[in-house]
Amino acid sequence: ALSPHQDLGDFSPALVVGSNAQAGFLADSLESLGAKVSRLSWQHDFASLGKDHGYRSLIFVWPGPDRDPGLISQAMLALRQLGPKLKGMVGVTSLGGSFSYPRGDGAAPSGNPASAALSGLVKTAAREWPEVRARVIDLPLAAHEAHIPGIQERVGELLFAKGPVEVGLTGGDRTVRPALVPFRLPSGHPGAPPLSPGDTLVATGGGRGVTSVILLELARLYRPKVVILGRTPLGPPEPAWLKGLNTEKGIVRAIHKATSGVLKPLELKARAALTMRARELRNTLSALDDLGCEAEYLGGDFLDPVFLEETLRAVRTKHGPIKGLLHGAGVISDKPILEKDPGDFRRVFDTKVGLASRLLEAFQDEPLGLIVFMSSTTARLGRDGQGDYAAANEVLNKMAWDEAENRPDAKVLSIMWGPWDGGMVDEGLAKKFLSEGIGLIAPDSGAKAFASLMGLPKGHPAELLLLGYGTDLGRVLAADLAKGANPAQGYPALRAKSQGSRG
């Protein structure tokens, strides 16, 4: 239920970012309701607006089918420049009107996964600026270029209406909002295995951390050949004087002694961190070998398209067709939007989305039986300081629905993992999650949950959220709402759906 907002005084003047027909419809609608409106293209230099811009609301209209990942960086720059004075912010996405989720009428929406980046960014901004009214409105692709009765007439009214942060319009009077629904993990493995022994699996980020746990579970289940792509240089074997040292402090001391004190403290820490990453990578390769899997690690800058293409060509020549993809590569650079460095933003986003897009393009003719994206609950719930990470993982979620539709013979999953006990979650961060009512995922529990998901037949949900035991879901959702833009609205009760639902 949405209550159209008629008094636009708090939200005028408004800036509409976009050059397509939908941006024009919105600007005209706002002007008809009495608001002052300016329009700029996505390519505008937003820094030139200055701090005294005077805008009270900012509305991004994704340019329909455009999949340029650079657009979300522009949105971040605009928010960074205008954010402190805003009263409202809106992202208009093009995910089919139902945020890529299959609709109740059985239709599979055709949309643009790249536009989901706006959703992740706006939800994070809503957390960082709870006083700003936020909204994500999802529309069919066609609505961005042509008038569709029942859509354009309503979009302007709903921009700053009280109600859920995310609202979709599919036509007529129908509105759609995403809601979490319970999903029971299956026991056993009724589905046909997506991989066979000896099939080639390419894994990004699978040498270390949480992704390595999932990679080892895949190896245990199916015994594939594994090719890990990572940015950590493996280097020569460790020297004997590092044996038995398992803490950063101890390794730093040993390197300091071995290098006769010529390295500065930051250099020592960097050398120690590299040693620990390479050690973890070797342990993963050793564990794969123990499971009977042929495994290979390839290091380098795989964000370089030419280097990636050359590497994949060599992998095919050596190992044959690619049958599986596990995309777990990721970096974080947590900072509020007002302090976010554009270069860091692009690096976080490109490591997730840019690399995934290039891999899928390279594998478009490969007989993929399995595609797994390691996503994050940040995409669904937002998190302070992680606008880039939320945007990137939200795109992965929608890419999964797209791939599931385009590859009916493949098993496709985007798993929004909650925080794991270990990895990037140190003791301080663990306490913060627990204080928020979010339970941590133990590595063995995460591996078991993943094994259960592999038992799902193809065609089941492509997007799932997993949180650790002990999570107070009601509290998590209530906190999400309280930090969002519409705290007056109650959060709907979770609705149980049948096991066969794809929603």
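Residues take their numbers from the sequence shown, with the count starting at 1. Here the structure is a predicted model, which means the values were calculated and not measured. Just so it is clear, the values below take in all heavy atoms, side chains as well, and ignore hydrogens, waters and symmetry mates.
Asp199 is not listed as a side-chain neighbour of Lys225, based on a closest heavy-atom distance of 4.5 Å or more. Put simply, the side chain of Leu338 reaches to within 4.5 Å of the side chain of Trp129, judged on heavy atoms. Between Val90 and Phe60 the shortest side-chain heavy-atom distance does not fall below 4.5 Å. Side-chain contact check for Leu308 versus Leu229: some heavy-atom pair is nearer than 4.5 Å. Side-chain contact between Leu82 and Met89 is absent, with no heavy atoms from C-beta onward closer than 4.5 Å. The shortest distance between side-chain heavy atoms of Met374 and Leu326 falls below 4.5 Å. Leu325 places none of its side-chain heavy atoms less than 4.5 Å from the side chain of Val372.
With salt bridges taken as basic N to acidic carboxylate O contacts below 4.0 Å, one links Asp402 and Arg67. Using a 4.0 Å cut-off between charged side-chain N and carboxylate O, Lys123 and Glu394 make a salt bridge. Look at Lys340 and Asp388 and you find a salt bridge, because one of the NZ, NE, NH1 or NH2 atoms lies within 4.0 Å of a carboxylate O, short of that distance. A salt bridge between Glu403 and Lys411 is absent, with no side-chain N of the basic residue lying under 4.0 Å from a carboxylate O of the acidic one.
When atom types are taken as modelled, the side chain of Asp409 and the backbone of Gly369 share no donor-acceptor pair closer than 3.5 angstrom. Judged purely by atom type and a 3.5 angstrom limit, Arg220 has no side-chain atom pairing as donor or acceptor with the backbone of Leu216. For the pair Ser445 (side chain) and Ile441 (backbone), a donor-acceptor distance under 3.5 Å is absent. In this structure, the side chain of Asp138 engages the main chain of Gly97 through a donor-acceptor pair within 3.5 Å. In this structure a side-chain-to-backbone donor-acceptor pair under 3.5 Å is present from His144 to Thr93. Using modelled atom types, no side-chain atom of Glu166 and backbone atom of Ile137 make a donor-acceptor pair closer than 3.5 Å. No donor-acceptor pair closer than 3.5 Å links the side chain of Trp401 to the backbone N or O of Glu405. For Trp42 (side chain) and Val61 (main-chain N/O), a donor-acceptor pair under 3.5 Å exists by modelled atom type. With hydrogens and angles ignored, the 3.5 Å screen pairs no side-chain donor or acceptor of Asn112 with any backbone N or O of Ser94. The backbone N or O of Leu440 sits nowhere less than 3.5 Å from a side-chain atom of Asp421 that would complete a donor-acceptor pair.
Going from atom CZ of Arg231 over to atom CG of Asp301 covers 10.0 Å, rounded to the nearest 0.5 Å. The structure places CZ of Arg282 at 10.5 Å from OH of Tyr297, a figure rounded to the nearest 0.5 Å. With rounding to the nearest 0.5 Å, the separation of CZ in Phe160 from CZ in Arg133 is 9.5 Å. Atom CD of Glu296 is separated from atom OG1 of Thr200 by 10.0 Å, given to the nearest 0.5 angstrom. Note that the CG atom of Leu95 and the CG atom of Leu141 stand 8.5 Å from one another [nearest 0.5 Å]. The CG atom of Leu139 sits 10.0 Å away from atom OG1 of Thr170, with the distance rounded to the nearest 0.5 Å.
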Step-by-step side-chain hydrogen bond (donor to acceptor under 3.5 Å, both in side chains) determination, Glu280 to Ser212: CA-CA 9 Å; Glu280 189 176 358; Ser212 68; 4.5 Å; no
Residues Ser376, Asn393; criterion side-chain hydrogen bond (donor to acceptor under 3.5 Å, both in side chains); working and verdict: CA-CA 6 Å; Ser376 167; Asn393 283 295; 4.7 Å; no
Test log, rule side chain to side chain contact (heavy atoms under 4.5 Å, CB included), inputs Phe302 and Thr311: CA-CA 9 Å; Phe302 293 103; Thr311 300; 3.6 Å; yes
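When all heavy atoms are compared, the tightest approach of Ile415 to Leu466 is CG2-CD1, 3.6 Å. When every heavy atom of Ile151 is checked against every heavy atom of Pro140, the shortest pair comes out as CD1-CD, 3.7 Å. Across all non-hydrogen atoms, the minimal contact from Thr471 to Gly439 is OG1-N, 2.9 Å. Scanning both residues, Leu71 and Pro63, for their nearest heavy atoms gives CD1-CG, 3.6 Å. Ala125 and Leu79 make their closest contact through CB-CD1, 4.3 Å (heavy atoms, listed as atom of the first residue, atom of the second, distance). Shown here for Ala116 and Lys398, the closest heavy-atom pair between the two residues is CB-CG, 3.5 Å.
With no hydrogens or angles considered, no side-chain donor-acceptor pair links Thr124 and Gln386 at under 3.5 Å. Using modelled atom types and a 3.5 Å distance limit, the side chains of Lys323 and Tyr222 yield no donor-acceptor pair. Asn397 and Ser414 share a side-chain donor-acceptor pair at under 3.5 Å.
Remark: Lys352 is not positioned above the aromatic ring of Phe373, lacking an NZ or CZ atom under 6.0 angstrom from the ring centre and at most 45 degrees off the axis.
Remark: Glu361 CD is loosely packed, at most 12 non-hydrogen atoms of other residues, nucleotides or ligands lying under 6.0 Å away.
A perpendicular orientation is assigned to the rings of Trp417 and Trp420, their planes being inclined by more than 60° (bins at 30° and 60°).
Screening Val165, Val167, Leu159 against Arg135 for a side chain to side chain contact (heavy atoms under 4.5 Å, CB included) leaves a single residue, Val167.
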